[in-house]
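So the structure is just underneath, and the comments pick up after that.
Note that the structure is predicted; figures quoted are calculated from it, not measured. Numbers here simply count residues along the sequence, with the first being 1.
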Amino acid sequence: MIDKRRSRERMVREQLVARGITDSAVLTAMQKIPRHLFVQEALQAQAYEDHPLPIGYGQTISQPFIVALMSQIIKAEPGMKVLEIGTGSGYQAAVLAEMGLDVYTVERIPELYHHTRKLLRDLGYTKVRTKLDDGTMGWPLAAPYDRILVTAGGPGIPEPLADQLADPGVMAIPVGASRREQELYLMKKQDGTLSYENYGKVVFVDLVGNHGW
Ligand code: SAH
């Protein structure tokens, strides 16, 4: 366990702080969370390396820096309600929960949904709400959300998600005209007006669904 803690310290220092992650809530969360438990046993030794890893079903757990970047740019405050699309391994959801957010997360692949739901419970993230569904439709019953994080890339911003974003509200979402190559956008809603900031090239798995690929 000591070596894992050291691996995390190194990950935080070399991959996050060195590249401009300054949000102490994000750094503290990623220092604390046992990322190796979010990947398959055979890959645990690589869990703190500087890249994404496969989690089965053609999906990946995002690179640590990307998780940190998305968590930082949404500028969330404890107690805010956040919707994540693409639960995957559950790692990003755990980071958001450690940041004190009220987390709702949606996954479309049944096997990942069931596995991760149990993992989050076993690790004590009992307040994270999980749902098996097409997340491009959002989670209307619990809307609006102060923050929305989409961790898969589609051809555009799904309209239901834009509608379910609170005002004021912020959404981080990778968007790309072709698959597996996107740009990370931060969409802000304020007084009924939308504005966009571009955070540059990223690579996420496909957002598949009604308002996705
Ligand atoms: N946040 C995850 C990243 C997982 S990869 C993590 O921390 O590990 C993205 C995930 O999005 C995959 O599990 C994929 O199945 C899921 N996904 C793709 N399209 C989706 C959709 N329309 N609704 C919900 N989940 C979706």
Side-chain angles (χ1 to χ4, degrees), residues 1-73 84-101 103 105-128 130 132 149-153 172 174 179-182 184 199-208:
M1 273 308 111
I2 292 259
D3 58 319
K4 298 292 188 218
R5 187 169 57 76
R6 292 225 174 97
S7 301
R8 281 200 289 281
E9 273 167 15
R10 203 168 152 200
M11 171 190 82
V12 166
R13 195 175 59 242
E14 295 179 1
Q15 300 175 38
L16 310 186
V17 175
R19 295 186 194 143
I21 302 298
T22 52
D23 185 326
S24 62
V26 176
L27 296 172
T28 304
M30 291 182 68
Q31 175 60 60
K32 176 172 171 194
I33 299 171
R35 178 174 162 96
H36 60 285
L37 299 183
F38 291 79
V39 303
Q40 292 153 1
E41 222 166 320
L43 296 176
Q44 286 192 355
Q46 299 169 54
Y48 297 97
E49 292 177 4
D50 193 13
H51 51 76
L53 284 170
I55 55 170
Y57 312 96
Q59 309 305 323
T60 57
I61 178 174
S62 304
Q63 178 191 8
F65 175 71
I66 291 295
V67 173
L69 180 67
M70 289 187 92
S71 305
Q72 172 166 285
I73 64 178
E84 181 201 18
I85 307 306
T87 312
S89 69
Y91 182 67
Q92 174 76 72
V95 171
L96 297 170
E98 286 288 350
M99 291 166 69
L101 307 179
V103 183
T105 181
V106 185
E107 171 58 51
R108 64 176 282 274
I109 297 180
E111 291 84 352
L112 284 176
Y113 163 79
H114 289 293
H115 171 85
T116 299
R117 178 185 166 82
K118 179 172 185 304
L119 177 70
L120 287 169
R121 290 217 175 136
D122 290 350
L123 293 178
Y125 297 105
T126 53
K127 287 194 275 186
V128 172
T130 56
L132 174 64
L149 240 81
V150 184
T151 62
R179 293 179 168 210
R180 310 245 161 179
E181 192 190 295
Q182 308 97 11
L184 179 58
Y199 278 84
K201 280 204 168 57
V202 284
V203 182
F204 280 87
V205 299
D206 290 343
L207 180 69
V208 179

Would you find more than 12 non-hydrogen atoms of other residues, nucleotides or ligands less than 6.0 Å from Arg19 atom CZ?
yes

Close side-chain approach of Glu98 and Val95, heavy atoms under 4.5 Å:
no

With Pro64 as reference, evaluate Glu49, Met30, His51 under the side-chain contact (heavy atoms from CB on, under 4.5 Å) test and give the passing residue.
Met30

State whether the side chain of Glu84 and the backbone N or O of Leu149 hold a donor-acceptor pair below 3.5 Å, judged by distance alone.
no

Nearest 0.5 angstrom please: His115 NE2 to Leu120 CG, how far?
9.0 Å

So, the side chain of Thr151 versus the backbone of Gly86: is there a donor-acceptor pair under 3.5 Å, distance only?
yes

Would you say that Phe38 contacts Leu123 through its side chain, given a criterion of any heavy-atom pair below 4.5 Å between the two side chains?
yes

Evaluate side chain to side chain contact (heavy atoms under 4.5 Å, CB included) for Ser71 paired with Met99, printing each intermediate quantity in order.
CA-CA 9 Å; Ser71 305; Met99 291 166 69; 3.9 Å; yes

Could you tell me whether the side chain of Ser89 and the main chain of Val39 form a donor-acceptor pair under 3.5 Å?
no

The single option from Thr87, Thr130, Asp122, Thr105 passing side-chain hydrogen bond (donor to acceptor under 3.5 Å, both in side chains) against Arg117
Thr130

Please check if the side chain of Gln31 supplies one atom and the backbone of Val12 the other of a donor-acceptor pair under 3.5 Å.
no

Would you give the length of the straight line joining atom CG of Leu27 to atom CE of Met11, rounded to the nearest 0.5 angstrom?
9.0 Å

Tell me whether the count of non-hydrogen atoms from other residues, nucleotides or ligands lying under 6.0 Å of CD in Glu111 goes above 12.
yes

Which heavy atom of Ala47 sits nearest a heavy atom of Leu53, and at what distance?
CA-CD1, 3.8 Å

Heavy atoms, side chains only, cut-off 4.5 Å: are Arg8 and His36 in contact?
yes

Looking only at non-hydrogen atoms, find the nearest pair between Gln72 and Asp23 and report the distance.
OE1-N, 3.0 Å

Compare every heavy atom of Val208 with every heavy atom of Arg108, then report the nearest pair and how far apart it is.
CD-O, 3.4 Å

Using modelled atom types only, decide if a donor and an acceptor are shared between the side chain of Gln59 and the backbone of Gly88 within a distance under 3.5 Å.
no

Closest non-hydrogen atoms of Tyr125 and Ala97, given as atom of the first, atom of the second and distance, are CD2-CB, 3.8 Å

Please report the shortest heavy-atom distance between Ile73 and Ala172, naming the atom on each side.
CD1-CB, 4.3 Å

Begin from the C-alpha positions of Ile66 and Leu184 and carry the test side chain to side chain contact (heavy atoms under 4.5 Å, CB included) through to its verdict.
CA-CA 10 Å; Ile66 291 295; Leu184 179 58; 5.8 Å; no

Is there side-chain contact between Pro54 and Leu43, with heavy atoms separated by less than 4.5 Å?
yes

Think Arg35 forms a cation-pi with Tyr91, using NZ or CZ under 6.0 Å from the six-ring centre and within 45 degrees of its axis?
yes

Taking C-beta and beyond as the side chain, do Gln63 and Asp50 meet within less than 4.5 Å on heavy atoms?
yes

Check Gly153 against Gln182 and note the closest heavy-atom contact, atom names and distance.
CA-NE2, 3.8 Å

With distance as the sole test, does Gln15 use its side chain to make a donor-acceptor pair with the main-chain N or O of Tyr48 at under 3.5 Å?
yes

